[in-house]
Amino acid sequence: MNRLAFYIRPLVRPQPVAWTAARSLSQTTPLFSLFGNVTSPKTTDKAEQEQKGQEILNSEGEIDIDKITVENDTDLQKFHAERNKKDRISIDKYITPLKLELFNKVVEEHGFYKNGQVVQHDGKTFKLNLTPKEIELLEPSVYLESTRIKSSMKKATQVNRFVRGLDVKTAINQLHFNPKKMSTELEKLLKEGLEQSTKLGLNPDGMYIHSLWTGSDGQWPWRMDFKGRGRGGIILHRYVHLKCILKSEQTKKRLAWEKQQKQLASKPKMFLVNEPLNFSVRPWYKW
Amino acid sequence: MEACNKMFSSLWKVSVRNLHHNMKPKNYPKVNSEDVVLNPPRYGYRKQREPLLSQSVTDTLLPSEVIRQKYIEAGKPAPIKFLPKSDIIARKNLIQLHERIELGLPHFKVGGKKVYFPKQRICLLRPNAKQTPYQAKFLVPKNMNRLDLRDYLWHVYGLRALNVTVQLLHSRWQRGQHDLGRYRGPQLKKMTIDMAEPFVWPEVPKKIVEQQQEQREVQFALAQPKTGSDEKKVSDLYDGLYKGNPLPNAFVPANFRRTGAGELGQYKKQVAGKPDRDLVSKYLGL
């Protein structure tokens with residue numbers, strides 16, 4: 001078998017090749033043309049060609065398939081943008097626009113969300129009281145999910161407890177010099193989180209690990225553990241995932257403010273018992 | 001007498017006392033060590049024969065006729081293997097072959113087999129390491145014999161197959177896709193021909209090889225089974241053709257997503273229907 005035949009030889013014969021279908025999603029990059037260069041390409045509209053840019057055209061002014069890349073393929077980018085928008089999980093898909101608007105106004109005014117504030121909107125006055133759950137969801141967050149990791153929950157939890165609640169950058173710094181495997185995995189995840197928070201326009205320096213947990217990733221392979229005296233056991237090959245919620249400095253400020261408010265509202269501490277006696281006081285012993 | 005004997009034996013003993021079987025170093029033969037050859041070649045003990053008469057003929061294509069003549073001239077009986085007249089026939093055939101080639105006629109007896117609407121395929125294969133440029137290999141249907149291929153090549157392409165050899169490959173065991181069984185694959189028949197003129201396959205363009213290699217890697221990557229969290233992972237192949245820079249997700253619990261989407265739908269319905277309701281209430285004077 002020569003080199004070409006080796007590469008052409010399909011790996012999986014009866015199944016259709018998946019990548020051709022995916023490739024055909026982009027209409028500007030046809031993989032196969034029945035007539036090759038004999039027929040002119042369908043998109044000869046000049047305005048359309050100018051839009052797509054001169055870089056994909058060859059010297060004769062026709063679209064050159066080899067010059068089309070992922071970066072300059074406008075149709076592909078459009079498709080990706082639509083798909084990303086549809087697939088993305090964000091709170092504005094699940095909460096009424098008014099609530100969102102009012103929340104944003106409070107945040108704009110104070111720098112973070114304060115519950116029970118009076119807001120003017122559309123010529124009306126609102127007093128916004130949100131439940132803790134709603135506040136948590138409305139504040140900006142980044143949800144990270146790892147891929148399948150060959151480890152166990154017990155091993156992962158040790159590392160998770162180490163960095164839970166830390167600033168993301170501090171956590172990355174700590175994890176980088178920790179020799180555990182799960183530290184490396186978590187570090188990768190957090191670095192991805194920093195990138196994503198930058199994409200959202202959040203300050204990466206202010207991000208912290210709000211919650212971090214691990215779980216079984218399911219479908220654990222197992223095999224027999226043969227022992228003496230006719231006994232046996234099962235050896236499990238465990239796989240886990242990591243999940244993490246990063247929150248911004250907005251949340252940190254709010255929590256600090258709430259703590260302060262709670263402190264202000266609390267009664268002064270009495271070192272002596274200052275409560276009324278809860279029994280009838282009589283000058284003799286009752287027994 | 002006895003005393004005489006005793007004296008003799010004692011004298012003998014004295015005289016022999018200094019005789020040693022082992023050679024002393026001073027008596028060793030004087031030889032230069034560089035002149036000594038260890039394990040000298042053992043030739044010379046076989047009988048050296050004079051070269052055979054047949055060995056003297058080296059520059060003739062079909063030599064047995066010449067060799068026979070040499071033996072007759074020398075007055076010796078020719079060996080049996082030079083006696084048949086086959087090389088006279090071969091020479092005649094060779095001359096005939098050259099004539100037919102020069103005349104542009106088929107160099108063989110054309111077969112009379114008639115084939116209607118053939119749907120078999122004959123593939124020219126790339127050469128393997130042991131083939132010369134004067135050879136070509138074809139993948140042929142199993143019911144074809146070497147005469148058929150010779151006829152076919154002559155009549156379709158005008159190609160002269162000067163010699164045809166057949167390789168019938170064994171059918172390989174193949175594994176099933178979805179079971180543990182193994183099955184017999186097809187039995188392939190290949191034929192190698194000798195040609196009058198050389199033919200070298202053009203080199204495969206590097207780009208195509210690379211493309212195929214990449215495609216193969218992609219196929220391999222896509223064929224990998226995904227389990228658990230890897231099912232969500234979008235492959236990073238083709239410079240992010242599939243992935244496409246996804247936007248980060250916020251944390252919204254699945255339960256809230258379920259209820260929230262319904263409530264938001266209701267809300268949107270209400271807002272969209274408000275002008276209509278206002279209109280109706282205005283019409284009714286409510």
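Throughout, protein chains are lettered first and strands after them, A, B, ... in sequence-line order, and every chain is numbered starting at 1.
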Contacting region of A/K93 [heavy-atom separation from chain B under 4.5 Å]: backbone

query: Given a strict heavy-atom distance threshold of 4.5 Å, which part of A/K247 is in contact with chain B: side chain, backbone, both, or neither?
result: neither

query: When heavy-atom pairs shorter than 4.5 Å are enumerated against chain B, which of A/A81, A/P97, A/G218, A/S146 gives the highest number?
result: A/P97

query: So does B/K274 pair up with B/D278, basic N to acidic O under 4.0 Å?
result: yes

Taking every non-hydrogen atom, the tightest pair across B/I193 and B/V164: CG2-CG2, 3.9 Å

statement: Whatever's closer than 4.5 Å to a heavy atom in chain B on A/D92 counts as backbone

- request: Select one option (side chain, backbone, both, neither) describing which atoms of B/K268 are under 4.5 Å from chain A's heavy atoms.
  value: neither

query: Nearest heavy-atom pair of B/Q215 and B/Y238: which atoms, and what distance?
result: CA-OH, 4.4 Å

message: What's the separation between atom CG in A/L246 and atom CD in A/Q196, rounded to the nearest 0.5 Å?
response: 8.5 Å

query: Any idea which of A/R83, A/K133, A/K85 has the most non-hydrogen atom pairs under 4.5 angstrom with chain B?
result: A/R83

cation_pi(A/R254, A/Y113) dist<6.0 Å, angle<=45: no

message: Between A/K191 and A/E187 (salt bridge meaning N to carboxylate O under 4.0 Å), is one present in this structure?
response: yes

field: Contact origin within A/I245 toward chain B - heavy atom pairs under 4.5 Å
entry: side chain

message: Does B/Q224 have more than 12 heavy atoms from other residues, nucleotides or ligands lying within 6.0 Å of its CD?
response: yes

message: Using heavy-atom distances under 4.5 Å, tell me whether B/N128 contacts chain A through its side chain, its backbone, both, or neither.
response: neither

Top contributor to chain A interface from B/L125, B/V271, B/T259, B/L264 [non-hydrogen pairs under 4.5 Å]: B/L264

message: Heavy-atom pairs under 4.5 Å with chain A - which of B/R257, B/K233, B/K243, B/E217 has more of them than the others?
response: B/R257

